Every structure is written in structure tokens, then in C-alpha cells.
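Whatever order the structure lists ligands and atoms in, that order sets their numbers, starting from 1. Quick caveat: nothing in here was measured; it's all calculated off a predicted structure.
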Amino acid sequence: MTLHEGRYHIGGADALEIVERFGAPVYVYDAATMKRQYKRMTSAFGNVKRLRINFACKALTNLNVLRVFRELGSGLDTVSIQEVEMGLLAGFDPHDILFTPNCVGLDEISEAVAKGVRINIDNIEILEQFGARHPEVPVCIRINPHIMAGGNSKISVGHIDSKFGISIHQVPHVLKVVSAMDLKIEGLHMHTGSDIYDAQVFLRAVEILLSAAADFPDLDYLDFGSGFKVPYKEGGIATDIEDLGEQLGARFNEFCGAYGRDLELMFEPGKFLVSEAGYFLVKTNVVKTTTASVFAGVDSGLNHLIRPMFYEAYHHITNVSNPTGKTRIYNVVGYICETDTFGVNRQLNEVREGDILAMANAGAYSFMMASNYNSRFRPAEVMVLDGQAHLIRRRETMEDLLGTQVELPGM
Ligand SMILES: *Cc1c(COP(=O)(O)O)cnc(C)c1O
């Protein structure tokens with residue numbers, strides 16, 4: 001968001017005008033930021049011959065966003081058959097979609113096979129069942145290297161007690177299954193979890209996957225997942241993607257030399273590609289002074305953006321309506337009947353009733369985790385393309401809320 005002649009802009013579009021046109025609360029995504037992040041990633045790994053970025057679409061699954069990534073040449077990482085279907089609807093080639101489910105039944109995996117997408121399997125029992133049902137279909141295997149990334153167990157998925165992946169210690173067992181069933185393993189995958197900012201930790205996990213890869217002769221790709229962190233605050237900590245690209249790219253090329261073939265290097269970032277592209281604009285309903293704090297109560301809550309309450313995530317907040325007002329300290333809270341805090345002790349330009357506040361880093365896992373709790377409508381979504389704002393999801397209505405309810409006769 002940039003301040004230009006006293007007005008805040010997102011991707012060149014005036015933020016307050018967006019609210020006037022589409023109402024609040026509203027999610028706004030700047031397509032140019034998504035493109036910038038995608039290109040940062042491809043140029044960071046420019047030293048690798050075959051590179052594929054699969055956008056982890058659970059972060060933001062609007063069809064128009066998927067199409068932005070398809071046009072950039074991205075593939076898609078999907079975790080449900082519904083995401084697979086949306087990827088196909090958005091025009092992705094099935095071969096460019098990787099299905100990486102966890103704890104789904106074989107039937108859902110078979111549906112994905114029928115649609116022609118690539119399959120990633122994260123459990124030996126399912127691998128055996130898969131081999132029996134689809135003996136001719138090549139698969140990828142998700143390995144858990146047991147590297148602890150980040151400090152929060154809600155977002156770390158590679159540690160010893162994680163439900164994700166086949167333990168690296170079970171590779172000998174996997175090899176027996178592969179050989180007995182004559183499976184074709186086309187890829188190895190790992191995803192150690194969100195929030196990796198230490199290239200050395202990442203490279204340790206990479207080494208573990210590479211040592212396993214040497215035992216699989218039919219590989220076409222290695223997928224190192226994601227976990228790339230973006231800054232949430234000015235000067236905040238972030239993955240140094242350029243440094244990682246240089247080091248990992250060199251190591252990967254060396255491995256390909258020893259392996260005897262140029263494998264494809266894959267990543268599946270979600271947050272890195274879309275987090276910074278999104279802003280969540282909300283309207284201030286009340287300003288309430290209590291004995292200890294000043295609360296700015298807004299027309300939204302954890303039903304629309306659960307990350308602060310769920311992950312203790314920090315979303316920077318700006319008063320878009322009063323860029324030059326004197327600053328005061330606020331607790332920004334929602335209207336849900338629960339403790340429902342967006343930010344504590346935030347210094348904001350004076351907030352008045354009706355002011356529009358913008359929450360940053362609202363592109364990833366924000367709208368997608370929204371619910372109808374308290375029977376509230378989910379917000380609209382807007383995408384800014386070449387400086388123009390376009391509605392890409394309308395706000396819900398009472399019909400949407402009631403659409404799936406079945407009323408019993410005589411009640
Ligand atoms: C969620 C997820 C990702 C994306 O993670 P980010 O932290 O958003 O980059 C990648 N791969 C898999 C398998 C995932 O489940």
C-alpha cells in the first residue's frame with residue numbers, strides 16, 4: 001500500500017474508492033505483487049535447468065487468482081479433490097497439478113488419478129493400496145525429514161510427531177513395497193512446515209531428501225515444498241530467497257550430475273506468493289474508551305480473519321481514512337461474541353467512527369479461512385489488475401447463508 005497525495009493506494013487503485021464501490025469489509029489483492037513474488041522465486045532459482053513453481057492454492061483459491069498464476073507459467077499444489085477441480089476449471093493442464101492430500105481415503109486419490117493430475121502419497125498403507133489399484137500410474141512420495149522448522153507446532157509439519165509424510169526412517173520399508181509391487185516413483189517431496197527463514201535448516205532437510213533420492217532410479221522431480229516466510233513488520237524477518245536459491249540451486253545441480261539426469265526442481269509456495277498482495281479493509285463501527293484501553297471496534301472479526309486469534313499472527317494495521325491524524329494507541333477488535341482481537345496496542349492515526357482500517361498480509365490463509373460464524377456474511381474479494389479494481393467474489397447474502405439448510409415440514 002502506498003500513500004500518494006494523501007490517499008492510500010493498493011496496486012495503484014485508491015483504497016477508499018474500492019470501499020465506496022464494493023463496500024466493507026472487503027479483501028483486496030494486488031495482482032502485480034503476486035507476479036513480483038513469482039518472478040523473485042524463478043529468478044532466485046535461475047541457476048537450475050528445470051524449475052517448477054506450484055502455487056499452493058489453499059492459501060488463496062479464487063479462480064481469478066489461479067488464472068494469474070497459470071498465465072505466469074506456474075503449476076498448482078492442491079490438497080483436496082475440490083482444489084483439483086478448481087485448478088482444472090481455471091485452465092491448468094492436469095499434468096501441472098500436484099495432488100498432495102493428507103489422511104484422505106483411496107477413493108479421493110483415485111478421483112484425482114481419473115482427472116489426470118499427479119499424485120503425491122504420504123503414507124505407506126495408502127501407497128500399497130494405490131499400487132494395487134493403479135499399478136501403471138507413477139507417483140510421488142512425501143517424505144518427512146524430521147526437521148523442526150519454526151517454533152509453532154500449529155504450523156510445523158516436519159517434526160517427529162507430525163501426521164505428515166512417510167518418515168525418512170521408513171524409506172527401507174518403502175523401497176521393499178516399491179520393488180515388490182513394481183511401482184514407478186517419479187518424485188520425492190517434502191514440506192517441513194511454514195516459516196523457514198534459516199537457509200541452513202532448510203538445506204539440512206534438503207540433504208536428507210537427496211540422500212533418499214539416490215535410492216530411487218526413476219525420479220523425474222524433487223519437490224522441496226515451501227515454508228518461505230514473508231515479513232509482517234517493517235524490517236521483519238523473512239526468507240532470503242535469493243541466498244537460498246544460490247545455495248540450493250548449486251547443490252541441486254551437483255546432485256543431478258551425480259544422479260545422471262536433470263531432474264525438475266519443484267517448490268510449492270503459498271504465503272510467499274500471495275500474503276503481501278492482500279489487504280483486508282474494514283470499517284470502524286465504534287471507538288470505545290475503557291479504564292485501560294481505547295478499542296476500535298470494526299465491522300469484522302475472527303469469522304473473516306482468524307489468523308491473529310488462531311496463530312497469534314501479526315497483521316499490520318493502517319488507518320486509511322486519516323493518514324495525517326495524530327497517533328494514538330488502540331486495541332483493534334472485531335464484532336464477534338468471543339474475544340476477537342486483531343491487534344493490541346497499535347499506534348494508529350486517530351481512529352474515528354466510520355474510518356477504514358487496512359490489515360496487511362491478508363492474501364494468504366485469510367479469506368480462505370473465513371466462516372459464517374455468528375451468521376455473518378463472508379466478505380467480498382477484489383483484485384487490482386493494472387491499476388483497476390475488479391470484483392472477483394461478491395459479498396454473501398441471506399440466500400447464501402440459508403442455501404444449504406433444509407427446513408423440516410411441520411416445525
Ligand atoms: C500449505 C502447504 C504449502 C504452502 O505453505 P506456505 O507456508 O503457504 O508456503 C505447501 N505444500 C503443502 C503440501 C502444503 O500443505
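Residue-ligand proximity, T100 to ligand 1, at heavy-atom distances under 4.0 Å covers atoms 13 (C). Near G270, meaning under 4.0 Å from any of its heavy atoms, are these atoms of ligand 1: 4 (C), 6 (P), 8 (O), 9 (O). Set against the non-hydrogen atoms of P269, the atoms of ligand 1 under 4.0 Å away are 9 (O). Under a 4.0 Å criterion applied to the non-hydrogen atoms of Y365, ligand 1 contributes the atoms 1 (C), 4 (C), 5 (O), 6 (P), 8 (O). If you number the atoms of ligand 1 from 1 as listed, the ones under 4.0 Å from a heavy atom of D77 come out as 11 (N), 12 (C), 13 (C). Below 4.0 Å from some heavy atom of A56 lie the following atoms of ligand 1, by number and element: 3 (C), 4 (C), 10 (C).
Looking at T33 and E276, their side chains never bring a donor and an acceptor atom within 3.5 Å of each other.
You'll find the side chain of V274 reaches within 4.5 Å of the side chain of F55, heavy atoms only. With contacts defined as side-chain heavy-atom distances shorter than 4.5 Å, the pair S366/R307 qualifies.
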Q) Run the salt bridge (charged side-chain N to carboxylate O under 4.0 Å, His left out) check on E254 and R251 step by step: do they pass? A) CA-CA 5 Å; E254 184 192 340; R251 180 65 188 101; 3.7 Å; yes
Q.
Please determine whether side chain to side chain contact (heavy atoms under 4.5 Å, CB included) holds for the pair N345 and N331, giving the CA-CA distance in whole Å, both sets of side-chain angles, and the decisive distance to 0.1 Å.
A. CA-CA 5 Å; N345 295 338; N331 287 351; 3.5 Å; yes
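For the pair K271 and ligand 1, the shortest N or O to N or O distance falls below 3.5 Å. Residue E268 places at least one N or O, backbone or side chain, under 3.5 Å from an N or O of ligand 1.
F252 does not carry R50 over the face of its six-membered ring by the limits of under 6.0 Å from the centre and within 45° of the normal.
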